[in-house]
Amino acid sequence: MSVPIRNPTWVSKRRLLEQKISDLHRCSSLNQVKQIHAQVLKANLHRESFVGQKLIAAFSLCRQMTLAVNVFNQIQDPDVLLYNTLIRAHVRNSEPLLAFSVFFEMQDSGVCADNFTYPFLLKACSGKVWVRVVEMIHAQVEKMGFCLDIFVPNSLIDSYFKCGLDGVAAARKVFEVMAERDTVSWNSMIGGLVKVGELGEARRLFDEMPERDTVSWNTILDGYVKAGEMNAAFELFEKMPARNVVSWSTMVLGYSKAGDMDMARILFDKMPVKNLVPWTIMISGYAEKGLAKDAINLYNQMEEAGLKFDDGTVISILSACAVSGLLGLGKRVHASIERTRFKCSTPVSNALIDMYAKCGSLENALSIFHGMVRKDVVSWNAIIQGLAMHGHGEKALQLFSRMKGEGFVPDKVTFVGVLCACTHAGFVDEGLHYFHAMERDYGVPPEVEHYGCMVDLLGRGGRLKEAFRLVHSMPLEPNAIIWGTLLGACRMHSATGLAEEVFDRLVKSELSDSGNLSMLSNIYAAAGDWDNFANIRLRMKSTSIQKPSGGSSIEVDDEVHEFTVFDRSHPKSDRIYKTIDGLGQHINKLTTSS
DNA sequence: ATAGGGTTAG
């Protein structure tokens with residue numbers, strides 16, 4: 001019998017599968033991944049570590065962690081690479097606890113962590129609770145002698161600062177006891193101190209350090225910018241021995257955030273080298289402030305300069321459009337994305353949903369949402385919020401239950417949307433139900449935002465006493481929004497006496513702003529108390545200078561129309577207010593007749 | 001280790 005010749009079709013099939021496996025990370029749909037998984041099982045390749053790594057990563061990108069874990073369990077003696085892949089998958093899916101349980105499992109089975117394992121774990125540790133975990137990792141790397149490698153203490157400093165205030169002392173300690181410090185160690189300390197708002201100490205270290213590089217200068221510069229001290233920042237900026245694109249961008253952002261777009265533009269024009277970031281900062285700055293013409297001009301220039309934008313650019317500009325209702329620019333950005341790539345990334349789609357919803361184009365928001373390949377919690381939150389905002393409370397609640405059905409875990413933002421949906425649909429009892437269920441059934445303790453929603457829900461539902469009781473009994477300190485909401489409820493039900501009580505609290509806690517003042521003046525006006533009305537209006541004149549009042553804006557044909565409290569500067573102001581009054585009467589008629 | 005970036009109540 002002759003030696004069997006390999007079937008050429010079989011060989012090419014096998015090659016094709018291997019190619020598919022190594023391209024798994026490029027798969028855009030769950031079905032494709034499932035198909036390849038089936039082929040892997042048929043070819044009996046599912047016990048290979050490399051194949052497992054690829055499949056786990058691909059399933060985790062589709063949020064199919066059950067499938068990812070199944071793949072993992074098929075492999076008998078997982079190596080460190082496979083463990084790392086699963087750890088990273090859990091971290092990516094915001095499941096730090098599961099990531100750690102895999103890590104412990106790995107230790108129990110005697111597989112040693114490598115230099116990749118700890119960075120993945122450290123990435124899972126953000127937020128206050130996790131400082132203990134950084135401490136645990138710290139102890140382990142210390143025990144294994146990893147701390148002799150300067151890379152390790154440097155990243156520990158960074159991780160401790162990521163724990164917020166709880167980690168600051170430990171970060172200082174690591175820095176103090178380090179055998180040797182390099183510029184990165186100093187810069188990490190300065191950056192961390194800036195992040196937690198310890199600008200003074202950051203500056204002391206900056207002055208103390210033996211050798212400063214441009215990163216050191218940029219970091220301390222950012223500290224002054226974040227503190228809003230633009231004069232000090234500018235002084236530093238002029239003194240710097242060398243400036244790079246980061247230094248200039250930091251200054252441009254600072255002026256933009258301070259509302260000084262002219263100064264931001266002067267520096268932007270002067271920059272010797274620009275990359276995407278300063279362009280993004282400028283366009284977003286204009287867009288956020290409703291300066292549609294400037295934003296669009298610069299956007300055109302950026303396109304003409306042949307710059308291809310990345311996710312950061314797109315997200316930043318879209319969220320600025322959402323703030324000021326620049327639907328026109330938002331649509332242009334959307335069109336540019338569609339031209340340049342096949343599918344949007346999840347964060348970009350999320351930004352699009354939010355932009356369309358906030359600009360009032362719910363159909364577009366919904367079509368982006370339904371067309372998404374990989375939704376995440378944020379996608380659901382954004383669409384639930386968008387539907388709620390536009391009065392589709394019932395639809396929002398339907399999506400909430402679908403979200404759970406598809407295996408997504410609601411978070412605190414989801415419940416803000418859900419409660420908001422109940423308010424807008426007038427579902428007071430459902431709202432109370434969700435409010436009680438969120439901690440009990442979902443492990444999400446209510447925060448001040450949720451109490452705010454409840455005050456609004458009860459207040460609008462005419463259950464003013466319950467709203468008051470909730471505010472007085474809540475375990476958290478009520479903020480200006482809570483009192484303002486309560487004040488609004490008082491106005492709605494002409495409860496002048498209660499309103500005064502609320503307002504006293506606002507004044508005492510120095511939380512009164514022009515919005516709340518105008519609300520109180522409306523209450524007096526409605527009650528015919530013109531003396532108090534005049535009093536409040538006088539007060540508004542003096543406080544409105546200190547505190548900017550809230551408002552809304554909308555873009556029509558590249559022109560932005562802005563509206564703030566008591567503002568009648570719009571040329572069609574009379575007609576607008578007449579229309580609003582008409583609508584109000586119409587609504588009253590409908591609600592009293594039903 | 002430094003600059004821009006998604007969802008949060010009135």
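These values consider heavy atoms only, across backbone and side chains, with no hydrogens, waters or symmetry-generated copies. Just so it is clear, the model here is predicted, and its values are computed rather than measured. Letters A, B, ... are given to chains in the order of the sequence lines, protein chains preceding strands, and every chain is numbered from 1.
Distance from the side chain of A/V277 is smallest to B/dA3 among B/dA3, B/dG5, B/dG10. Listed candidates were B/dT7, B/dG6, B/dA3. Nearest to the side chain of A/D222 is B/dA3. Distances were taken from every side-chain heavy atom of A/T280 (C-beta onward) to each of B/dT7, B/dG4, B/dT2; the shortest belongs to B/dG4. Listed nucleotides B/dG10, B/dT2, B/dG6 differ in distance to A/N350; the shortest reach to its side chain belongs to B/dG6. Comparing B/dG6, B/dG4, B/dA1 by their closest approach to the side chain of A/V215 singles out B/dA1. Listed candidates were B/dG4, B/dA1, B/dA9. Nearest to the side chain of A/I281 is B/dG4. When distances run from any side-chain atom of A/T250 to the nucleotides B/dA1, B/dG5, B/dA3, the shortest one goes to B/dA3. With distances taken from any side-chain atom of A/K226 to the nucleotides B/dT8, B/dA3, B/dT2, the minimum falls on B/dA3. The side chain of A/K358 approaches B/dT7 more closely than any other nucleotide in the set B/dA9, B/dT2, B/dT7.
Using a 4.0 Å heavy-atom distance criterion, A/N154 is classed as making no nucleic acid contact. Note on A/S316: only backbone sugar-phosphate atoms sit closer than 4.0 angstrom, heavy atoms only; bases stay farther off. If you check every strand for non-hydrogen atoms under 4.0 Å, A/R243 touches nothing. Within the nucleic acid shown, A/K274 has no heavy atom closer than 4.0 Å to any nucleic acid atom. Within 4.0 Å of A/E449, counting heavy atoms only, lies at least one base atom of the nucleic acid. Counting non-hydrogen atoms under 4.0 angstrom, A/V448 reaches a base of the nucleic acid. Among the atoms of the strands shown, base atoms are found under 4.0 Å from some heavy atom of A/T313. Contacts of A/S284 with the nucleic acid, taken as non-hydrogen atoms under 4.0 Å apart, are absent.
Contacts of A/F369 classified as ring pair (Phe, Tyr, Trp, His ring centres under 6.0 Å), with partners at least two apart in sequence or in another chain: A/W380. Legend: residues meeting ring pair (Phe, Tyr, Trp, His ring centres under 6.0 Å) with A/Y451, ordered by chain and number and at least two apart, are A/F435.
Atom pair A/I482:CD1 and B/dA9:C1' shows a separation of 8 Å (rounding to whole Å applied). The distance from atom CG of A/L253 to atom C1' of B/dA3 is 7 Å, rounded to the nearest whole Å. Look at CG on A/L193: it is 15 Å from C1' on B/dT2, rounded to the nearest Å. Following rounding to the nearest Å, A/M240 (CE) and B/dA3 (C1') show an atom-to-atom distance of 11 Å. Between the CH2 atom of A/W248 and the C1' atom of B/dA3 there is a distance of 14 Å, rounded to whole Å. Distance, A/Y255 OH to B/dA3 P: 18 Å, rounded to whole Å. If you measure from atom CD of A/E447 to atom P of B/dT7, you get 17 Å, rounded to the nearest angstrom. Per the geometry, CG belonging to A/D354 stands 9 Å off P belonging to B/dG6, to the nearest Å.
In this structure, A/S324 contributes its side chain and A/A287 its backbone to a donor-acceptor pair below 3.5 Å.
On a pure distance criterion of 3.5 Å, a polar donor-acceptor pair joins the side chain of A/D310 and the base of B/dG4. For A/D376 and B/dG6, a side-chain-to-base donor-acceptor distance below 3.5 Å is present, hydrogens and geometry of angles not being considered. For B/dA3, the base has a donor-acceptor partner in the side chain of A/S249 [N/O atoms by modelled type, under 3.5 angstrom]. Counting distance only, with no hydrogens placed and no angle test, the side-chain atoms of A/N275 and the base atoms of B/dA3 include a donor-acceptor pair under 3.5 Å.
Counted by atom type alone, A/N187 and A/D213 present one or more donor-acceptor pairs between their side chains at under 3.5 Å. A side-chain donor-acceptor contact under 3.5 Å links A/T414 and A/D411. Side chains of A/D222 and A/T219: a donor-acceptor N/O pair is absent below 3.5 angstrom, by distance only.
Under a 4.0 Å N-O distance rule, the pair A/E447/A/K412 qualifies as a salt bridge.
For the pair A/K257 and B/dA3, the criterion of a side-chain N or O lying under 4.0 Å from OP1 or OP2 is not met.
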